[in-house]
Amino acid sequence: MIREACEVFKMVQKSDDLKNFFENFMEKDSLFVDKKVLQINYTPSKIPHRAEQIDMLANVLAPSLKMEKPSNIFIYGKTGTGKTLTVNYITSQLSEVAKQKNLPLVFVYVNCKLKRVADTEYRLIAQIAKELNTNIPATGLPTDEVYKIFINLVDKEKILLIIVLDEIDQLVKKIGDNLLYNLTRLNAELKNSEISIVGISNDLMFTDILDPRVKSSLSEEELVFAPYDATQIQDILRERGKAAFKKNTIKEGVIEKCAAYAAREHGDARRALDLLRVAGELAERKGSTQIGIEDLDYAEDKIERDKVLDVVRTQPKQFQLTLLSILNLYEKNNGLDVYTGDIFEIYRDLCEKAGLATLTQRRISDIICEFDMLGIIHTKVISKGRYGRSRQICLSIPQSTIPKIKEILKEGLNL
DNA sequence: CGAGATTCATGTGAAGTATACCTTTAGGCTTAA
DNA sequence: AAGCCTAAAGGTATACTTCACATGAATCTCGTA
């Protein structure tokens, strides 16, 4: 959204019409009353259809208000089932109560998926420390030194620290469960304070890959978020839609269609909300006063594109170059026979053109793997018998987004 | 014809290297007594 | 003499490279029917 605003901004600037633009912008009748309500990080005052989970989680965490260490808890559920939302809701309530009563209760939330923020053991601890207002250098310290700093920080005075690790499955898949073992042992090192861990995982099978010792101590309690069904999503959309839009903005049947779209994808409420918001934005830009079903279709397309585009944009240069090579080859071969070796050759040429150092094929192989993890491509190692063995790659993004992605990549790489 | 050997291109793990950054320490310089 | 600054020394994490070995089915080889 901001990006779009900037684009519009640039255009307007070019036509030397800036003042006019702002005036129009202010005067223009918006469909929205409060757009925040539909944004993903918004926490509503009540969460429909999650009473059971809220209850359970609140029960588990409640002892913290008596300064007793709550059990560690693990939360499972697919994306958009309200895990993060529920946890945020409860932790913010708890910390408010704690503040009122002057209890040394501290919550820290870390999303473990973020690249270059919390994707290694070192960085995760550093990130938690940062949330506690202590900066730990990005590199240079031994990992156990980082732990020591962290322990001193927490143990300085008696506090009860509750760490929320979102998307922890991603991190463990990447660096192993040793990290979790260290975290659980942390309490033994602490004299004054105590730490509880709330793990959030998208992968329902996650604990299967954990060491039994880690598993038993970390998931003392477990909580599952089942996907919402279509009517539940409708409720959510109505509730939020009421707060976000002006009256009578949403046409008949839009909510239902929106819910149906989302229910198709394992009941992803986040997606449904996104859909509604973007549809609203599109309708607004079109100048209409109501959101119709046709806006939803455009919105769906746009969301899908934006999501991928954002991921692509934030990748490091070498990753972008690799992706561009994949796309080029993909187009050349009509989506057939895309293998590592050929990609590497194209990549090497592109490196030269882009004036970047060429990485080895070994590394490119790993980078391709990481794109697989990101869900941009899908890979399969196949044996071609006499002709060796290779990784077969297919794109898992819609065809329509390819030109746009290429554009972004070329821009980012000065090609 | 078919079982076993061969082959190829690359997957994959382990160990090594370069880089960027950290803390510690020792020496030199400045300052104030 | 004490205090402060700086540069060198010694150390680490991370991204990447190098090396060496593993894979696995198409193809080849050769004995057998």
Side-chain angles (χ1 to χ4, degrees), chain A residues 110-153 170-183 186 209 211 311-312 314-326 328-330 332-333 336-352 354-374 376-394 412-413:
Chain A
V110 182
N111 187 331
C112 304
K113 199 178 67 176
L114 296 176
K115 210 169 183 172
R116 286 161 209 277
V117 174
D119 59 352
T120 66
E121 185 171 12
Y122 182 104
R123 298 214 258 239
L124 176 65
I125 302 298
Q127 183 61 25
I128 296 173
K130 196 174 168 192
E131 295 283 328
L132 298 170
N133 296 322
T134 303
N135 269 319
I136 291 180
T139 172
L141 297 179
T143 304
D144 44 348
E145 186 66 25
V146 175
Y147 269 105
K148 253 182 234 160
I149 295 173
F150 177 66
I151 286 170
N152 286 337
L153 173 66
Q170 305 266 341
L171 185 54
V172 171
K173 272 178 200 153
K174 196 162 172 185
I175 61 168
D177 57 4
N178 210 346
L179 150 79
L180 293 180
Y181 183 64
N182 288 339
L183 279 179
L186 231 45
I209 60 172
D211 185 302
V311 174
V312 169
T314 53
Q315 293 303 313
K317 280 225 159 51
Q318 293 288 2
F319 282 64
Q320 293 190 346
L321 213 48
T322 308
L323 185 58
L324 186 58
S325 312
I326 294 172
N328 279 349
L329 186 63
Y330 196 83
K332 203 174 115 198
N333 290 358
L336 297 167
D337 305 324
V338 181
Y339 302 113
T340 313
D342 305 332
I343 289 172
F344 184 66
E345 272 171 36
I346 296 188
Y347 160 81
R348 209 163 33 195
D349 290 348
L350 280 174
C351 264
E352 204 161 311
L356 282 165
T358 316
L359 301 183
T360 51
Q361 184 158 344
R362 176 74 185 81
R363 181 62 186 148
I364 298 303
S365 177
D366 280 351
I367 291 177
I368 291 173
C369 256
E370 289 196 40
F371 274 125
D372 190 9
M373 299 251 261
L374 281 169
I376 291 180
I377 58 177
H378 183 259
T379 70
K380 201 164 100 190
V381 177
I382 56 158
S383 174
K384 292 182 288 174
R386 180 74 167 67
Y387 306 103
R389 159 186 130 100
S390 186
R391 198 178 259 128
Q392 193 176 41
I393 295 161
C394 42
L413 297 162

How many whole angstroms separate atom [atom1] of [X] from atom [atom2] of [N]?
X	N	atom1	atom2	answer
A:Arg362	C:dA22	CZ	P	15 Å
A:Glu370	B:dT12	CD	P	14 Å
A:Asp366	C:dT18	CG	C1'	13 Å
A:Ile368	B:dT12	CD1	P	11 Å
A:Arg389	C:dT27	CZ	C1'	18 Å
A:Tyr387	B:dT6	OH	P	19 Å
A:Lys380	C:dA25	NZ	P	12 Å
A:Glu145	B:dT24	CD	C1'	12 Å

Distance below 4.0 Å between A:Ser383 side-chain N/O and C:dA26 OP1 or OP2: no
For B:dT12 and A:Ser365 - does any side-chain N or O of the residue sit under 4.0 Å from the phosphate oxygens OP1/OP2? no
Specify the closest pair of heavy atoms between [X] and [Y], including all atoms of both residues, with the distance to one decimal.
X	Y	result
A:Val311	A:Thr314	O-OG1, 3.0 Å
A:Arg391	A:Ile368	CD-CG2, 4.1 Å
A:Lys115	A:Pro316	NZ-CD, 4.0 Å
A:Tyr347	A:Thr358	CE2-CG2, 3.6 Å
A:Thr120	A:Leu171	N-CD1, 4.0 Å

Taking the side chain as every heavy atom from C-beta outward, state whether A:Tyr122 and A:Gln127 have any atom pair closer than 4.5 Å. no
Can you see whether A:Asn178 engages A:Glu121 through a side-chain donor-acceptor pair at a distance of less than 3.5 angstrom? no
Less than 4.0 Å between a side-chain N and a carboxylate O, is that true for A:Asp144 and A:Lys148? no
Does this structure show an ion pair linking A:Asp119 with A:Lys174, if we count only N-O contacts that are shorter than 4.0 Å? yes
Under 3.5 Å, which N/O atoms of the protein pair with N/O atoms of nucleotides 11-16 of chain C?
| residue | atom | partner | partner atom | Å |
| --- | --- | --- | --- | --- |
| C:dG11 | N2 | A:Gly140 | O | 3.2 |
| C:dT12 | O4' | A:Gly140 | O | 3.4 |
| C:dT12 | O3' | A:Leu141 | O | 3.3 |
| C:dA13 | OP1 | A:Thr143 | N | 3.1 |
| C:dA13 | OP1 | A:Thr143 | OG1 | 2.6 |
| C:dT14 | OP1 | A:Thr120 | OG1 | 2.5 |
| C:dA15 | OP1 | A:Arg123 | NH2 | 3.1 |
| C:dC16 | OP2 | A:Arg363 | NE | 2.9 |
| C:dC16 | OP2 | A:Arg363 | NH2 | 2.5 |

Distance-only donor-acceptor test (3.5 Å): side chain A:Arg386, base C:dG24: no
Which residue, A:Asp342 or A:Pro137, contacts DNA chain B at a nucleotide closer to its 5' end, judged by nearest heavy atom? A:Asp342
Bend angle of the helix from B:dC1-C:dG31 to B:dT31-C:dA1 from five-pair axes at both ends, rounded to 10°? 20°
